[in-house]
Structure formats: C-alpha cells, structure tokens
Undergrad: 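Below is the structure I would like to discuss, written out as structure tokens.
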There are 2 protein chains.
Amino acid sequence: MPVHPPRPTGPALNALRAFEAAARLGGFSKAAEELCVTSGAVAQQVKGLEDWAGADLFERQPQGVVLNDLGRQVLPLAERAFDQLAATVQEIRAVASPNRLHIAALPAVAQLWLSPRLPAIRRALPDLVISVTAMEQAPNLGRDPFDLTLFLGDPEDGQVVATDEILPVCAPDVAGRVMQVADLAQLPCLSDSSWSQDWAVWLQARAGAETPQLRGPVFSLYALAVQEAVNGAGVLMGHQCLIEQDLKAGRLVSPFPQAVPTGKALVLTARKPVRPPLARLIAALSESRL
Amino acid sequence: MPVHPPRPTGPALNALRAFEAAARLGGFSKAAEELCVTSGAVAQQVKGLEDWAGADLFERQPQGVVLNDLGRQVLPLAERAFDQLAATVQEIRAVASPNRLHIAALPAVAQLWLSPRLPAIRRALPDLVISVTAMEQAPNLGRDPFDLTLFLGDPEDGQVVATDEILPVCAPDVAGRVMQVADLAQLPCLSDSSWSQDWAVWLQARAGAETPQLRGPVFSLYALAVQEAVNGAGVLMGHQCLIEQDLKAGRLVSPFPQAVPTGKALVLTARKPVRPPLARLIAALSESRL
DNA sequence: GATTAGACTCAGTTTTACTGGGCCTAGAAT
DNA sequence: ATTCTAGGCCCAGTAAAACTGAGTCTAATC
C-alpha cells in the first residue's frame with residue numbers, strides 16, 4: 001500500500017542553529033556575526049523556526065530581542081545539542097587529520113608576531129600542517145574549527161604569551177624631529193582604526209605630560225601602519241610584541257622609550273582536549289623567540 | 001582592521017544528519033528512506049562531509065557501505081548529538097502547542113480502525129487537536145515529529161491494542177457460493193500487495209486443509225480491497241481488527257469463521273515523556289469501542 | 001534633533017539540495 | 001550460466017533553500 005507523500009518534517013537544522021546562536025549570544029546581529037551571515041538571514045531563519053513551531057521564541061523589542069518563556073525553556077537543550085554536535089565535528093577533524101592544526105589570530109598578530117616565528121616552528125615540527133586564519137573577533141572554539149587562538153585580550157582568558165605594552169616608534173630619520181611630547185603635534189601620528197585609543201592611553205599614562213592634539217592617517221591594518229612608520233610617514237603607537245623585529249633590526253626606534261602596559265596581553269587559548277600534536281605546537285609557540 | 005572573508009566553516013548540518021542516519025541504519029538507502037529523500041542525495045551529502053574532513057567515513061562495498069574506523073569512532077558522538085537535537089525539537093513542539101497531537105499509522109489502520117473511532121474521541125477530548133498521517137513504515141519517534149504510532153507489528157514493541165487475527169470474508173450474497181475451502185479456487189481471492197502472505201498463512205493454519213491455487217486482484221490499499229469485498233468482488237482475507245465495522249453491519253460475513261492469529265498485533269507506541277494530553281489520548285484509544 | 005543599534009521586510013540572487021535517469025558491481029535466484 | 005536484484009555512484013537539470021543588500025522602523029542615547 002505504498003502511500004508516502006506528505007509527511008510532516010522537523011524544522012530546518014540551520015534554523016535551529018540560528019536560534020541557538022541568537023539565544024546564546026542575546027541578539028540576532030551577534031548571532032549573524034558568529035554564523036558569518038547578515039542579521040536579516042538570522043531573522044528569517046528564526047522566523048521560520050517559529051512558524052514551524054506555531055509559537056514565538058523571542059520577544060521583539062525595539063532595542064533587540066529577548067527570549068520568551070518558551071525560548072528560555074528550550075535554550076539549554078539546544079545548547080547541549082549543538083555543543084555535542086560541535087564536539088562531534090571536531091572529533092572528525094581531529095581523528096581524520098591529527099597533524100593538521102588551524103590557528104585563528106588577530107590579523108596584526110598573524111602578520112607581525114606569528115608569521116616571523118612560523119618558519120622556525122615549521123622546521124622544528126615538520127610533520128605538522130599549520131594553517132592560519134586572520135580574523136577580528138576571537139572565534140568560539142566550541143563551535144568553530146580552530147585548534148588554537150592568538151588574540152590581544154584579558155590575560156585571564158588563557159595562557160599569556162606576552163603582555164601588551166605600547167610606546168611611540170618611528171623611522172630613525174624621523175626620530176631626530178621628536179625631542180619632546182609636544183613635538184608630536186607637528187608630525188603625522190599614525191593609528192590603527194581598531195586601536196584608536198592607543199595614543200590617548202599612552203598620553204594619559206605619561207603623568208604630567210601635556211596632551212597635544214594629535215592627527216595623522218588611520219589604517220585598517222596594523223601591519224600597514226607599521227610599514228608606513230618604517231617608511232618614515234610619521235610616529236606610530238607601537239605594540240611592543242608586534243614590532244619587536246623592526247626595533248631589533250633598527251628599522252624603527254622609540255623617541256620616548258617608556259613603554260606603557262595596556263592591561264591586555266597576547267593570549268593563547270587552545271581547544272580541549274589538547275592532543276599531542278597541539279601540545280607540541282603550543283610548546284613551540286610559547287618558547288619561540290625571534 | 002576589518003579583514004574577514006574566507007573563514008573555514010564547519011560541515012553542513014544536513015551532511016552530518018545524513019551521515020548519522022546512514023551510519024545508524026547501516027546504508028544509504030535506509031537513511032534516504034528515513035530522511036524522505038533519494039539515496040543519491042544521501043550519497044552526495046556524505047561525500048560532502050568526507051570531502052570536508054579529508055577522509056572517508058564509510059568503506060564502499062558493492063552490496064552497500066560499512067563504517068570504517070573513523071566512522072565507527074564518531075558515530076556514537078553524532079548519535080548522541082542528534083538525539084539531543086531531536087529532543088530539543090520535540091520539546092519545542094510539545095511546549096509550543098501541548099494540545100496538538102500527531103498520530104502516525106499504517107494506512108489501513110488509519111482508515112479502518114482509527115477513522116471510525118476518532119469522531120467519538122474528538123467529542124470526548126474536544127481540547128485536543130489530533131492529526132493523523134498514514135505511512136508504510138513506523139516512524140522513528142526519536143527523530144520524527146509524531147506523538148503516537150499505530151502499526152501492525154510485534155506485540156513486544158509496545159502496547160497491544162488488538163491481536164491480529166485473519167479470516168476470509170465476503171459480501172453476504174457471495175457467501176452462498178463458498179461452502180468449503182476448495183470453492184475458493186473458483187472465486188476471485190482479493191489480496192493486499194503488502195500482505196500477500198495472508199492467504200498462505202490462513203490455509204496453512206487450517207491443518208489438513210488442501211491448499212487450492214488461489215487467484216484474484218491485488219490492491220495497493222487494504223481499504224480498497226475491503227470496499228471491493230463489500231461490493232461482492234470476491235473473497236478477502238480479513239484482518240479482524242480492521243473489518244469489525246463491516247462484520248457488525250453485515251456488509252461482510254465469514255464463510256469459515258475460524259480466525260487464525262498471525263502472531264502480530266495492532267501495537268500502540270507513544271513518545272516519552274508521556275504528558276497529560278497524550279496520556280488522555282492513549283486512554284481514549286485503548287478504551288474506544290465501535 | 002540627530003545619531004545609533006537592532007531588527008524587520010522584500011526582491012533578487014546565489015548556493016545548496018534534490019531528483020531521475022543511466023551505470024556499475026556482486027550476490028541471489030533461476 | 002544467465003538473469004534479477006539491491007545498493008551505490010555519477011551527472012545534468014531543477015527545485016528549494018539561504019543569503020544579500022537596501023530601505024524602514026523604533027526607542028534609546030548623545
């Protein structure tokens with residue numbers, strides 16, 4: 001008696017994932033960021049799930065969404081399910097290619113800290129295949145397929161590789177024109193768009209220093225700003241851990257050598273469980289020197 | 001320093017589901033059936049997952065696929081994840097509309113057993129919204145969005161609503177032509193395509209009876225065969241629990257009243273946990289009489 | 001009063017998933 | 001030995017999603 005056709009089906013898995021992310025992160029736009037889509041896409045997915053269920057999961061408010069009773073009730077279940085699913089995915093990855101490791105790092109860190117160290121590490125650990133992906137926000141190791149992250153952040157968040165200290169730097173032939181802090185007003189002061197506070201932090205920490213109005217070009221890539229500083233375009237607020245090699249090579253010098261700690265640090269976090277290949281990479285990174 | 005674009009992403013959730021189903025059920029075609037798609041679709045999904053992982057999960061053999069080491073290792077994880085996910089989905093359904101219940105039943109059971117009883121049940125439980133979907137294979141309550149199933153199967157599998165007993169039936173004016181078993185060879189013997197053994201089972205159980213060669217039209221829907229029998233088209237092997245109303249109304253009579261048990265039963269299974277609305281429906285079904 | 005953050009909607013597009021056919025292989029049935 | 005069958009593979013075409021991008025809306029903040 002073959003009669004199939006219209007069987008009711010479960011909701012789309014992607015819709016469930018969108019719900020879980022939105023609920024966990026507390027908003028469609030945050031979820032959209034984690035899922036690498038637009039917030040409109042998340043809104044549509046969640047709506048689809050709500051339509052399927054015949055009931056809302058969020059309360060819409062002008063300043064965002066908040067879980068309603070139903071949503072609050074199912075979130076823990078969904079979270080556990082997707083945690084489990086992510087663990088499965090990572091297990092597949094880890095077992096299928098145990099020597100393939102993937103690092104997520106801030107673009108500046110990837111280019112200025114990691115990149116100079118990688119050749120030696122690759123030589124020391126030739127059996128490992130190490131990939132690097134640069135991104136602004138630290139990924140969620142529970143969900144994204146990375147084994148290790150290197151970001152500037154709270155020292156509490158993981159293993160501290162270096163503390164973050166800043167000091168002005170410039171090309172040697174520019175240094176002659178910077179004798180005191182006030183001179184900075186006469187020179188282009190390079191800055192990075194996502195670290196726009198650097199100058200303010202440094203000026204404020206130099207207790208008693210007058211705070212001249214500074215101006216200069218803004219870069220969207222810190223490595224680009226460093227390059228421009230090397231080229232003599234002006235004075236850059238340098239993050240010590242990122243400009244080590246340029247200082248050492250003399251391409252950059254510091255007119256005011258007092259470094260100021262920002263309270264942040266270059267922090268390394270690793271996926272658990274830490275299997276041997278990953279442990280070896282962590283050790284190599286921790287011990288690496290320029 | 002906004003630099004996003006090419007982030008490695010996890011595998012497609014649908015691919016994971018296809019893998020899980022194929023691994024759990026031991027074949028792409030079985031998985032395809034559960035997922036209501038073609039086996040080619042499953043094959044493609046699994047291949048996509050294997051490509052993502054960079055390693056196979058199944059060993060391809062001409063008579064099917066079997067899990068390899070990697071697949072065997074991740075199956076338990078995937079199973080737990082999807083169990084959890086299914087539980088989440090069912091929770092959403094149950095909490096969003098607790099009075100909406102969905103029954104899955106064999107088409108014959110839906111039409112001939114359930115349908116006559118439903119009006120009274122709906123009257124007795126007016127707050128419940130009861131949907132019925134007919135299907136050949138009992139759904140997997142752990143995965144599909146049904147609350148209750150009614151199928152002919154092993155009595156051990158759930159709550160027995162009625163044992164399955166068969167006996168020949170026909171319209172009253174046909175009965176005069178059937179005095180002994182041998183007469184059956186002279187009449188069309190109706191049968192259902194998915195219960196083609198019925199006649200053989202009955203003939204064999206009538207110990208000592210000669211087994212005449214029977215012939216007659218085959219129907220793909222048991223309800224259709226019943227209707228034809230009522231119309232006087234021949235003799236049908238009747239399942240007692242499904243033709244009760246026609247016997248009672250005298251539309252059908254049995255020339256050989258010895259019913260033969262088939263060893264199967266009309267079995268009811270319910271989703272756990274059994275919440276009050278579902279419990280009420282089960283009670284109503286168990287107690288229902290024509 | 002302007003700006004901002006967050007979400008909604010909708011048309012258009014891209015991407016993905018699925019179908020339906022033909023093909024292949026090995027075991028089972030004849 | 002031949003069919004037959006079950007199970008999977010492959011491929012082109014298609015159907016269905018998911019996603020984008022731009023425009024709106026609202027309340028909160030500056």
Side-chain angles (χ1 to χ4, degrees), chain A residues 2 4-52 56-68 71 136-137 193-194 196, chain B residues 2 4-53 56-68 71 89 136-137 193-194 196:
Chain A
H4 274 222
R7 275 176 69 155
T9 81
L13 297 182
N14 289 336
L16 286 166
R17 175 165 54 183
F19 159 72
E20 191 268 348
R24 171 165 44 85
L25 302 171
F28 288 1
S29 17
K30 300 220 190 72
E33 205 176 314
E34 169 163 310
L35 300 173
C36 293
V37 296
T38 60
S39 63
V42 174
Q44 288 183 54
Q45 294 281 41
V46 171
K47 188 173 217 317
L49 180 58
E50 291 175 327
D51 286 350
W52 176 87
D56 283 359
L57 293 157
F58 291 95
E59 266 172 31
R60 267 64 172 188
Q61 295 178 346
Q63 67 281 21
V65 291
V66 293
L67 282 176
N68 65 12
E136 287 304 309
Q137 297 295 322
S193 55
S194 54
S196 46
Chain B
H4 276 220
R7 274 177 70 156
T9 80
L13 295 182
N14 289 336
L16 286 166
R17 175 165 53 181
F19 160 72
E20 192 267 348
R24 173 165 43 85
L25 302 172
F28 289 180
S29 17
K30 299 221 191 72
E33 205 176 314
E34 170 164 309
L35 300 173
C36 293
V37 297
T38 59
S39 63
V42 174
Q44 287 183 59
Q45 294 282 34
V46 171
K47 189 176 217 315
L49 180 58
E50 291 175 328
D51 286 350
W52 176 87
D56 282 359
L57 293 157
F58 290 95
E59 265 172 32
R60 267 64 172 189
Q61 295 179 343
Q63 67 281 22
V65 291
V66 292
L67 283 175
N68 65 12
V89 169
E136 287 304 309
Q137 296 295 322
S193 55
S194 52
S196 47

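Residue numbers start from 1 in every chain, and the chains themselves are labelled A, B, ... in the order their sequence lines are given, proteins ahead of strands.
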Undergrad: Report yes or no: does B/Glu59 contribute a side-chain atom to a donor-acceptor pair with the main-chain N or O of B/Val66 at less than 3.5 Å?
TA: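 Not a single qualifying donor-acceptor pair exists.
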
Undergrad: Run the side-chain donor-acceptor check on residues 34-43 of chain A: report pairs under 3.5 Å with partners two or more places apart or on a different chain.
TA:
{"residue": "A/Glu34", "atom": "OE1", "partner": "A/Arg24", "partner atom": "NH1", "Å": "3.4"}
{"residue": "A/Glu34", "atom": "OE2", "partner": "A/Arg24", "partner atom": "NH2", "Å": "2.7"}
{"residue": "A/Thr38", "atom": "OG1", "partner": "A/Ala41", "partner atom": "N", "Å": "3.4"}

Undergrad: Would you give me the side-chain donor-acceptor pairs under 3.5 Å for residues 8-19 of chain A, sequence neighbours excluded?
TA:
{"residue": "A/Asn14", "atom": "OD1", "partner": "A/Arg17", "partner atom": "NH2", "Å": "3.1"}

Undergrad: Without decimals, in angstroms, what is the distance between A/Leu13 CG and C/dA17 P?
TA: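 Roughly 11 Å, once rounded to whole Å.
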
Undergrad: Which residue pairs pass the salt bridge (charged side-chain N to carboxylate O under 4.0 Å, His left out) test with at least one member in residues 35-49 of chain A, sequence neighbours excluded?
TA: none

Undergrad: To the nearest angstrom, how far is A/Glu33 atom CD from C/dA5 atom P?
TA: 13 Å

Undergrad: When you compare the side chain of B/Glu50 with that of B/Trp52, does any pair of heavy atoms fall below 4.5 Å?
TA: no

Undergrad: Checking side chain to side chain contact (heavy atoms under 4.5 Å, CB included) for the pair B/Val46/B/Phe28: CA distance, chi angles, key distance, verdict?
TA: CA-CA 9 Å; B/Val46 171; B/Phe28 289 180; 4.0 Å; yes

Undergrad: Tell me the interatomic distance from B/Leu35, atom CG, to C/dC18, atom P, rounded to whole angstroms.
TA: 8 Å

Undergrad: Looking at DNA chain C, which of residues 42-50 of chain B put a heavy atom within less than 4.0 Å of it?
TA: B/Gln44, B/Gln45

Undergrad: Taking the side chain from A/Gln137 and the backbone from A/Glu33, do they hold a donor-acceptor pair closer than 3.5 Å?
TA: no

Undergrad: Would you name the heavy atoms of A/Asn68 and A/Asp56 that are closest together and state the gap between them?
TA: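 Smallest heavy-atom distance, with atoms named: ND2-O, 2.9 Å.
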
Undergrad: For chain A and DNA chain D, what are the first and last nucleotides along the strand, 5' to 3', with at least one atom under 4.0 angstrom from a heavy atom of the protein chain?
TA: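 The contacted stretch runs from D/dA18 to D/dA27.
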
Undergrad: Using heavy atoms and a sub-4.0 Å distance, could you list which residues of residues 16-30 of chain B are near DNA chain D? By number, please.
TA: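 Correct list: B/Gly27, B/Phe28, B/Ser29.
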
Undergrad: So if I define the base as every atom that isn't primed, P, OP1 or OP2, how would nucleotides 21-30 of chain C read as a B/S/- string at a heavy-atom cutoff under 4.0 Å?
TA: -----S----

Undergrad: Please give the angle, rounded to 10 degrees, between the axes at the start and the end of the helix from C/dG1-D/dC30 to C/dT30-D/dA1, where five pairs define each axis.
TA: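 Its terminal axes enclose an angle near 20°.
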
Undergrad: B/Gln63: what forms a side-chain contact (heavy atoms from CB on, under 4.5 Å) with it, not counting sequence neighbours?
TA: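 By the side-chain contact (heavy atoms from CB on, under 4.5 Å) rule, B/Gln63 matches B/Gln61.
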
Undergrad: Report the residues that fulfil side chain to side chain donor-acceptor pair (under 3.5 Å) with A/Gln44, sequence neighbours left out, ordered by chain and then residue number.
TA: none

